[in-house]
There are 2 protein chains.
Amino acid sequence: MPVAKGALCIADRLAMILGKDDRRERCDYVDKFEQRLDQAARAAWLSYVGGRTQDEIASQLGVSRPGVQRLLALARQEGLVKVRIDHPIATCMMLSQQISERFDLDFCDVVPMDTGAADSSYQYLAVAGAERLERYIERMAPLTLSLGSGRTVRAMVEALSRLDRPQHRFVSLVGNVARDGSSNRYDGIMVLADKTGGERFLLPAPVVAGSVEEKEAMLGQRLFHAVTDVALKAEAAFIGVGRIDRQAPLFQDHFINEGELDELLAMQAVGELLGWPMNQDGDVIDCSITRRVTSLPLELLRDQQLVALAGGREKAPAILAALRGGWLKGLVTDETAARFILDAGR
Amino acid sequence: MPVAKGALCIADRLAMILGKDDRRERCDYVDKFEQRLDQAARAAWLSYVGGRTQDEIASQLGVSRPGVQRLLALARQEGLVKVRIDHPIATCMMLSQQISERFDLDFCDVVPMDTGAADSSYQYLAVAGAERLERYIERMAPLTLSLGSGRTVRAMVEALSRLDRPQHRFVSLVGNVARDGSSNRYDGIMVLADKTGGERFLLPAPVVAGSVEEKEAMLGQRLFHAVTDVALKAEAAFIGVGRIDRQAPLFQDHFINEGELDELLAMQAVGELLGWPMNQDGDVIDCSITRRVTSLPLELLRDQQLVALAGGREKAPAILAALRGGWLKGLVTDETAARFILDAGR
DNA sequence: TCACTTGACGATCAAATGATCGGACAGCAC
DNA sequence: GTGCTGTCCGATCATTTGATCGTCAAGTGA
């Protein structure tokens with residue numbers, strides 16, 4: 001297999017030929033490196049572009065195979081080798097990698113933003129989340145899994161394929177009834193349990209109780225206890241991330257009224273997890289609303305795989321807060337939010 | 001090791017969700033491929049950019065390791081992976097690769113053109129050739145090696161490091177005396193034998209005899225025979241390539257006179273190897289000069305590693321002819337000539 | 001409905017790769 | 001001149017990678 005070699009490795013020998021012996025020392029030193037780099041470039045070319053094996057390269061370059069190895073290492077180290085993946089997914093991979101590293105996540109999925117459809121990344125998120133979810137559910141050993149509420153979580157379970165696993169248990173982390181007594185239409189537990197045949201555990205409470213006393217009463221209920229006990233045994237939790245602003249789901253779905261929303265905004269709340277409002281550093285805000293939230297305290301979920309599904313420019317600050325708080329182990333988001341998170345982080 | 005996955009593999013499932021069952025067939029088909037390509041891109045990214053092992057990628061993507069392998073193969077096949085070597089040598093490698101393949105050479109070295117110095121590629125060539133030469137000489141087993149004449153060959157042996165190999169034999173392929181009886185100042189055998197301590201065999205003849213009778217007389221000499229016998233046993237031959245024009249070395253060094261030069265030009269000669277003039281297809285031209293050339297017929301060197309050293313725009317047509325004639329097994333040239341050869345070839 | 005084709009998937013093995021180790025060489029100080 | 005030190009080089013082994021094969025499931029036609 002014929003390919004070129006032996007060309008630029010010359011400067012010191014050139015100096016010898018031309019009789020430039022006076023400045024040998026310095027020249028030799030600089031050029032030894034240049035020479036090595038040339039060889040490295042040649043080796044890299046043969047390896048990555050030419051696709052030859054290190055043995056072939058070794059014989060063509062007249063060095064040993066470990067020598068080729070060192071050259072390739074040098075070429076990579078010196079940044080001679082540039083690899084580019086020609087696919088839209090490449091940017092997403094980069095973003096997800098950076099987010100994973102910065103916030104110490106077990107995984108982070110970034111779905112690409114579809115320049116065509118306006119709100120399609122919503123469905124993308126759902127499917128990406130469903131794939132993660134499926135990875136848990138498909139295993140045969142009995143599994144306990146908890147779910148948050150929200151449109152995204154609901155969309156995720158709807159995107160899930162049917163899979164018969166009656167041995168699994170699914171439990172909700174937040175109340176499924178609104179203040180007026182109607183059940184939360186975004187609760188995913190029912191759909192999930194239907195699709196898998198697993199057991200369902202619903203939290204018989206509103207997300208935010210009407211008063212502190214009401215909350216205390218609920219926490220005292222046997223049923224409530226039973227459900228939360230199951231929730232604490234869950235291995236993973238798939239939850240949404242709520243924004244705190246005029247479009248906040250807590251407000252839109254009448255879990256809190258306008259005055260309470262204003263209170264949260266005044267206290268610099270930017271987002272919520274399971275109804276627990278956070279400031280931009282991810283600290284749970286202690287206020288009148290917090291004291292009435294019935295869902296499991298986030299602290300109790302530290303040991304679980306807490307996976308958040310959320311995307312879009314509007315939710316981005318809330319996601320960032322959740323990440324900063326260190327609550328999450330996994331994240332499924334979109335390119336828009338990922339960019340915001342990384343830009344704001346630095 | 002956290003990194004993203006599971007994002008774009010959606011179209012078919014999306015279709016399912018949105019209830020687009022009517023056009024399932026076609027969609028599924030197209031999208032299955034897109035989906036695979038997305039996975040492939042992800043795998044490629046993790047492998048080439050992220051530097052993960054295939055096992056890690058497999059667990060992150062939720063497929064088996066052979067699956068990852070197939071994805072990587074697909075990514076390469078579909079041209080998703082673009083590798084670039086950031087070094088001037090990269091272009092040379094490409095050129096040498098193409099020349100090697102097109103003309104079926106065992107090797108081809110292309111030295112980069114130095115935009116700084118004007119005629120420096122001359123020295124580059126010499127050093128590149130010397131490295132090839134060294135690869136032969138450094139071996140301990142007795143070696144017979146033949147040399148052509150010319151400035152480039154001479155420069156090559158001068159660029160060679162000293163290396164004690166008294167067991168080797170070096171023999172010239174072309175006469176080392178000019179018509180006037182003076183010895184050829186470009187003969188490299190003396191230098192080479194001096195540097196290695198090997199035996200030397202000089203051809204006691206001019207390149208071109210004064211007449212056919214003179215040539216016949218020489219070929220009859222016992223000494224001449226002895227030397228050519230050694231030459232035929234050589235494993236490799238390092239030769240130059242001569243141009244045929246007003247600056248032809250054959251003419252400049254008075255091996256042929258102006259009238260003979262004109263005769264060659266009239267017969268479409270573009271270059272010569274060992275004094276044998278060739279047309280642009282590399283066929284040796286049969287003419288009055290040919291009948292007086294004393295060096296070994298090229299046909300007798302078919303079995304040897306015939307390595308040519310030559311570069312520059314002016315010599316390029318001659319090199320191309322030599323390549324087209326299929327005389328060469330190896331070539332050491334420069335970027336300029338390499339480009340010319342490849343451009344003219346297509 | 002059944003047999004056949006087609007394609008994909010995962011287990012297994014050979015090849016290639018990366019890493020560690022011991023040894024040799026050159027430069028330097030004494 | 002001799003010993004020391006740092007550096008480079010090549011042999012060996014563990015890991016990773018690529019390829020082949022058998023199996024299985026889905027789709028297709030009789």
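To find a chain, count down the sequence lines: A is the first, B the second, and so on, and within it residues start at 1.
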Does any N or O in the side chain of A:His168 come within less than 3.5 Å of the main-chain N or O of A:Ile137, such that one atom is a donor and the other an acceptor?
yes
What is the distance from CD of A:Gln77 to P of C:dG18, rounded to the nearest Å?
14 Å
Does a salt bridge link A:Glu158 with A:Arg154, judged by any charged N lying under 4.0 Å from a carboxylate O?
yes
Could you state the atom-to-atom distance from CG of B:Asp55 to P of C:dA11 in whole Å?
12 Å
If we ignore hydrogens and angles and just use 3.5 Å, is the side chain of A:Ser47 paired with the main-chain N or O of A:Ala43 as donor and acceptor?
no
To the nearest 0.5 Å, how far apart are CG in A:Leu306 and CG in A:Leu331?
10.5 Å
One character per nucleotide, please: for nucleotides 5-11 of chain D, 5' to 3', B when the base has a protein heavy atom closer than 4.0 Å, S when only the sugar-phosphate does, - otherwise.
----BBB
I'd like to check the side-chain hydrogen bond (donor to acceptor under 3.5 Å, both in side chains) partners of A:Arg165; sequence neighbours left out, ordered by chain and number.
none
How close or far is atom P of D:dG18 from atom CG of B:Leu74, stated in whole angstroms?
14 Å
Nucleotide C:dA19, atom P - distance to CZ of A:Arg65 in whole Å
11 Å
Rounded to whole Å, the OH-P distance (B:Tyr48 to D:dT16) equals 17 Å
Atom CD of A:Gln54 and atom P of C:dA16: how far apart are they, to the nearest Å?
10 Å
What integer distance in Å separates B:Gln69:CD from C:dA8:C1'?
15 Å
Looking at A:Arg139 and A:Glu235, is there a salt bridge between them, counting it only when a charged N and a carboxylate O are closer than 4.0 Å?
yes
Protein-nucleotide distance (A:Leu72, atom CG; C:dG18, atom P), rounded to Å
7 Å
